[in-house]
Protein chains: 2
Amino acid sequence: MTAQRAVILESVAHAGGHRSAQQVYDDARRRLPGLNPATVYRTLETLHSAGLVDLYANGGHSLRFSLRDAEHPHAHLVCSSCGRELELDPRLVSSFGETVERRTGFRIDAHHLTLRGACSRCSSD
Amino acid sequence: MTAQRAVILESVAHAGGHRSAQQVYDDARRRLPGLNPATVYRTLETLHSAGLVDLYANGGHSLRFSLRDAEHPHAHLVCSSCGRELELDPRLVSSFGETVERRTGFRIDAHHLTLRGACSRCSSD
DNA sequence: GTTAGTGCAAACCTTTTGCAGCTAT
DNA sequence: ATAGCTGCAAAAGGTTTGCACTAAC
């Protein structure tokens, strides 16, 4: 565990996670000047393989990273129109996941669950 | 409606949809040599605005396109391990969607619903 | 001395943009 | 003439790779 990794992991943990690589990079570099983007990506990949960090795609333009929290899987609701992101009650996610598994045998990875649609503000327009 | 658009639309419709821009491009160019990637993207955007084509992000590395089928929204279950794709009973999707909307005000776009996880075969390993 | 991690720069892939030419009204 | 599409080439944004250097066991 190097200084870079510690700083990067802290940055991911920061703000409850859900940060883009760019955000992690900016944040980490503030505390560790000279840090390189490649290091950020490589480290995030390493942390992901180690099961410490989740990654998912929020809309095709960048990867997102968050601390893994095995006890509390959650879904992301991404508004296609304004880009706002909300989190969905984990219980809703798990009960849906259980229903799907019962019916199809398919086990949804709740850590990667990203649902697109329209948030309350945008759908009322 | 130009020749390019017809060919691109056909390519999207092909194989039940869910194709990357690259797949659409390769397929369309086979029938219309000289076709340009920029034209594919611009046309897909146009078709999307016209409500003929859906687009969504599948895994962060490329956009996916499919024919819009307003009558039969469906979710896709993509196995992260073997790549197999299953379709999910639309009724499960809509009831989940209704619950989410009741609780959060967020209206999930069922046309863009792609869930990753492990299929029955792979999760029993 | 071997292995793992880092910085740097360059490559890469997907997507977007500027511009000139063409086609059909 | 005008407006809309297209091809081309170049740019843009995000991510990955090759390579040499350093630090740690």
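In what follows, chains carry the letters A, B, and so on, assigned in the order in which the sequence lines appear, proteins first and then strands, with residues in each chain numbered from 1.
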Review point. How long is the line joining CG of A:Leu9 and C1' of C:dG5, in whole Å?
Key: 16 Å

Review point. Quick one: which of C:dT14, D:dT17, C:dT17 gets closest to the side chain of B:Gln22?
Key: C:dT14

Review point. Between the side-chain atoms of B:Arg5 and the base atoms of D:dG4, is any donor-acceptor pair under 3.5 Å?
Key: no

**Study point:** Separation of atom CZ in B:Arg29 from atom C1' in D:dT6, rounded to whole Å
**Key:** 15 Å

Review point. Please give, in whole Å, the distance from C:dG5 P to A:Leu47 CG?
Key: 11 Å

**Study point:** Presence of salt bridge, B:Arg31 and B:Asp27, under 4.0 angstrom
**Key:** yes

Review point. Using 4.0 Å as the upper bound for N to carboxylate O, is an ion pair formed by A:Asp109 and B:Arg116?
Key: no

Practice item. Round to a whole Å and report the spacing from CG of B:Asp26 to P of C:dC13. Key: 13 Å

Check your understanding: Are any non-hydrogen side-chain atoms of A:Leu55 and A:Arg64 less than 4.5 angstrom apart?
Key -> no

Check your understanding: Can you tell me how far CG of A:Leu86 sits from CZ of B:Phe106, rounded to the nearest 0.5 angstrom?
Key -> 6.5 Å

**Study point:** Distance-only polar pair, side chains of A:Glu45 and A:Ser49, donor-acceptor under 3.5 Å
**Key:** yes

Point to revise | A:Tyr41 side chain near D:dT15 phosphate (N/O to OP1/OP2, under 4.0 Å) | key: yes

Review point. Over how many whole Å does the gap from A:Leu55 atom CG to D:dG14 atom C1' extend?
Key: 14 Å

Check your understanding: Quick one: is C:dG7 close enough that its OP1 or OP2 comes under 4.0 Å of any side-chain N or O from A:Gln4?
Key -> yes

**Study point:** Rounded distance (Å) that lies between atom C1' of D:dC21 and atom CG of A:Asn36
**Key:** 14 Å

Check your understanding: Of all the nucleotides listed (D:dC8, C:dT15, C:dT6), which has the minimum atom distance to the side chain of B:Arg42?
Key -> D:dC8

Point to revise | Minimum-distance nucleotide (side-chain atoms of A:Ala38 versus D:dT17, C:dT15, D:dT15) | key: D:dT17

Study note, to complete from the structure: Separation of D:dT15 atom P from A:His48 atom NE2, nearest Å, is 14 Å

Check your understanding: Counting only side-chain N and O atoms of B:Thr46, is one of them less than 4.0 Å from OP1 or OP2 of D:dG4?
Key -> no

Check your understanding: D:dG13 P sits how many Å from A:Arg64 CZ, rounded?
Key -> 17 Å

Review point. OP1, OP2 of D:dT6 versus side-chain N and O of B:Thr39: anything below 4.0 Å?
Key: no

Practice item. Assign B:Ser20 to base, sugar-phosphate, or nothing according to its heavy-atom contacts below 4.0 angstrom with the strands shown. Key: nothing

Review point. Are A:Thr2 and C:dT6 close enough that a side-chain N or O sits under 4.0 Å from OP1 or OP2?
Key: yes

